[in-house]
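In what follows, a single structure is set out as structure tokens and then discussed.
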Number of protein chains: 2
Amino acid sequence: MAPRPTIIDVATHAGVSKSLVSLALRDAPGVGAATRERILRVADELGYRSNTLAQGLRQRRSTLLGVVVSSLDNPYHTQVVESVEQAAQADGLSVLLAHGARDQGRLADRMNSLLDLNVAGLIVVSSWADPGTLQSAARRAPVIMVGRSLEPVAGIDSVNNDDELGAALVVRHLVAAGHERIAHLTSSRRPAGLARERGYRTAMAEHGLEAYTRVLRRHPGEAATGLLREATAEGSTAVFARNDVEAFDVLDHAWDHGLDVPDDLAVVGYDDSALALRARPRLTSVHQPRERMGELAAELLRERLGGRAEDRHEVLRPRLVPRASG
Amino acid sequence: MAPRPTIIDVATHAGVSKSLVSLALRDAPGVGAATRERILRVADELGYRSNTLAQGLRQRRSTLLGVVVSSLDNPYHTQVVESVEQAAQADGLSVLLAHGARDQGRLADRMNSLLDLNVAGLIVVSSWADPGTLQSAARRAPVIMVGRSLEPVAGIDSVNNDDELGAALVVRHLVAAGHERIAHLTSSRRPAGLARERGYRTAMAEHGLEAYTRVLRRHPGEAATGLLREATAEGSTAVFARNDVEAFDVLDHAWDHGLDVPDDLAVVGYDDSALALRARPRLTSVHQPRERMGELAAELLRERLGGRAEDRHEVLRPRLVPRASG
DNA sequence: CTGTTAGCGCTTTCAC
DNA sequence: GTGAAAGCGCTAACAG
């Protein structure tokens with residue numbers, strides 16, 4: 001645990017004062033080219049690294065970006081995180097991830113830890129944060145929500161896809177394929193799911209079809225099995241699942257019960273996550289433009305940092321990716 | 001962006017000096033019960049939160065734990081991270097995740113960012129960190145490696161499963177099921193994979209069987225297909241894949257080519273990750289005791305923080321979980 | 001028990 | 001151009 005060199009060390013070794021070193025290191029104006037050159041060389045020789053803590057303490061803004069995510073087990077989320085990260089990196093920010101699980105308290109706790117570290121901003125990839133926490137976070141740093149929040153929160157930006165449109169795309173697709181008994185499947189009352197359900201209901205009504213939602217219980221196995229029984233009993237020929245994870249469950253249980261997909265039952269998911277390609281048959285799913293969403297999140301953050309005061313909410317068009325499952 | 005209250009604010013409001021506040025807040029000895037009570041109440045009323053940065057700058061230890069992970073897209077890794085997180089939380093540490101991708105430079109960068117934040121320790125869930133980086137990191141804070149590193153690094157602890165044993169378990173299992181032509185499948189030269197291959201070769205030799213490894217190319221689709229063709233041409237009746245991700249690929253391609261698993265080809269994976277249960281047929285896989293590994297990592301860290309100087313390397317026994325795939 | 005005093009390493013006026 | 005000096009918010013001696 002050798003004591004790390006500080007700017008003072010660099011300064012004495014280079015024969016200048018520490019303020020010069022500070023300036024040179026951040027290539028601020030006011031340092032002679034030769035001096036700067038020498039300072040940088042010495043810093044390098046000494047293996048100097050600036051102390052983030054001290055730096056953060058002094059100036060009000062760091063180069064750290066906090067990303068909060070609730071679940072690591074949904075590939076869609078991790079894919080979004082990766083795209084955010086990529087975009088942030090391009091802006092010279094380094095990402096600190098906090099994993100909040102599906103627990104408002106823990107999530108709030110993590111958000112605060114990040115904020116205490118003086119992050120430049122917070123990108124929230126989770127619909128579990130409660131509005132109060134978000135609002136108070138927004139007073140400390142720009143907060144960008146990727147995906148839907150529980151309820152709209154003033155003062156924070158968001159980037160999202162149009163869930164209602166996406167759901168309508170699914171209905172349209174299935175109807176075009178000749179389906180009329182199309183069940184909607186969900187396990188939760190999360191905001192995105194609700195929006196998809198609304199989209200589904202509207203679209204079904206437009207086609208003069210009966211909408212019916214079935215709710216999965218926590219334990220996926222039993223529930224999906226029960227649901228499949230129900231669905232077939234009700235004459236369903238297609239299922240629109242809230243997301244790929246649940247669509248995958250349906251596929252699995254169809255397999256377990258000898259149902260052929262898509263002949264006995266067509267299955268469509270949402271998110272077009274890595275799971276969709278792993279599934280067999282490959283899963284038809286609604287693609288959220290997640291790369292663009294990551295970029296946009298970074299862009300919105302940049303704007304906030306640049307002083308924008310009014311909220312912005314970007315809504316992107318999803319698109320349906322037809323594959324073998326329905 | 002109201003200025004956050006500092007201990008000074010709390011002190012003046014409570015009519016005491018700031019050192020008293022500092023002590024009271026960390027319930028250190030030397031503060032009267034009544035005084036402490038009052039200070040805490042005032043702090044609460046003011047919405048005071050201690051400034052991590054200043055705190056970290058002053059004392060040499062924070063309550064932050066850095067966890068570095070290379071890939072978020074392998075469910076096994078995320079599951080390990082979750083168990084580490086759980087164990088750390090029990091120790092009162094809050095986890096900061098850094099995502100390094102499979103890139104030594106970026107990984108090193110992230111590790112340093114974390115270290116710069118004065119984390120109490122670093123838990124590395126990635127075999128991509130280069131030994132030099134690990135070593136220099138270990139000079140700054142305790143480093144615990146979960147899984148195998150590229151090469152053994154002095155000064156860092158590790159917790160791992162016995163990959164060679166795990167591979168032997170697989171071979172034994174397949175042989176017991178009557179297989180003799182058992183191919184080993186891998187896509188990479190990562191340390192864990194190499195150990196598993198060694199275990200496979202040794203076990204095959206012990207059974208008097210011929211060992212042969214086939215290497216997947218980057219693009220999984222093509223490669224697995226080619227491999228399957230090869231494997232069947234060679235009369236393979238079983239495949240032992242380096243991990244679940246690759247086993248899943250094999251399953252997918254078996255499906256694509258109308259091969260029945262396990263009748264035409266038995267498939268066994270490694271990690272017993274979430275993928276194993278999603279797969280159809282469900283994947284036989286080697287279970288790494290990841291919950292225990294997370295706990296152990298936290299435990300080793302605690303010991304280091306407590307002053308242990310000599311390295312410890314924990315190796316846990318994996319176990320085979322037989323399922324439908326072979 | 002309580003208060004004063006020095007800094008941690010860095011940035012930032014402000015003189016020279 | 002360059003350097004001295006004053007803190008950011010907190011903790012850790014040390015006196016009272």
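To find a chain, count down the sequence lines: A is the first, B the second, and so on, and within it residues start at 1.
Each of D/dG9, D/dT11, C/dG3 was ranked by its minimum atom distance to the side chain of B/Val16; first place goes to C/dG3. When distances are taken from the side chain of A/Ala54 to each of C/dG9, C/dG7, C/dT12, the shortest belongs to C/dG9.
Residue B/Leu23 is the one, among B/Leu23 and A/Ile7, whose nearest nucleotide of DNA chain C lies closer to the 5' end (criterion: closest heavy atom). The nearest heavy atom of DNA chain D to A/Gly15 and to A/Lys18 marks one nucleotide each, and the one closer to the 5' end goes with A/Gly15.
Counting non-hydrogen atoms under 4.0 angstrom, B/Gly30 reaches a base of the nucleic acid. Counting any heavy atom pair closer than 4.0 Å across all strands shown, A/Thr6 reaches sugar-phosphate atoms only and no base atom.
Remark: C1' of C/dT11 and CG of A/Asn118 are 14 Å apart, rounded to the nearest angstrom. We find that CG of B/Asp27 is positioned 15 Å from C1' of D/dT11, with the value rounded to whole Å. Taking atom CZ of B/Arg26 as the reference point, atom P of D/dG9 lies 17 Å away to the nearest angstrom. Note: CG (B/Leu57) to P (D/dG7) measures 17 Å, nearest angstrom. Summarising the geometry, the separation between CD1 on B/Ile39 and C1' on C/dT2 is reported as 10 Å, rounded to the nearest angstrom. Between B/Leu20 atom CG and D/dG16 atom P there is a gap of 18 Å when expressed in whole angstrom units. Going from atom CZ of B/Arg58 over to atom C1' of C/dG9 covers 11 Å, rounded to whole Å. Rounded to whole Å, atom C1' of D/dG1 lies 17 Å from atom CD of A/Glu37.
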Next on the checklist: side-chain hydrogen bond (donor to acceptor under 3.5 Å, both in side chains), that's the test. Do A/Ser50 and A/Gln55 meet it? Break it down for me.
Outcome noted: CA-CA 8 Å; A/Ser50 80; A/Gln55 202 167 288; 2.9 Å; yes
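Under 3.5 Å, the side chains of B/Ser22 and B/Arg26 contain a donor-acceptor pair of N or O atoms. A donor-acceptor pair shorter than 3.5 Å cannot be found between the side chains of A/Glu314 and A/Asn160.
Judged by the 6.0 Å and 45° rule, B/Arg190 forms a cation-pi pair with B/Trp128.
Between D/dT11 and B/Ser22, a contact under 4.0 Å exists linking OP1 or OP2 to a side-chain N or O. Listed pair A/Ser17 / D/dT2 fails the phosphate criterion, with no side-chain N or O lying under 4.0 Å from OP1 or OP2. A/Gln55 has a side-chain polar atom (N or O) that falls below the 4.0 Å cut-off from OP1 or OP2 of C/dT11. Between C/dC1 and B/Thr35, no contact under 4.0 Å exists linking OP1 or OP2 to a side-chain N or O.
Applying the side chain to side chain donor-acceptor pair (under 3.5 Å) test between A/Asp157 and each of A/Arg312, A/His313, A/Arg308 identifies A/Arg308 as the sole match.
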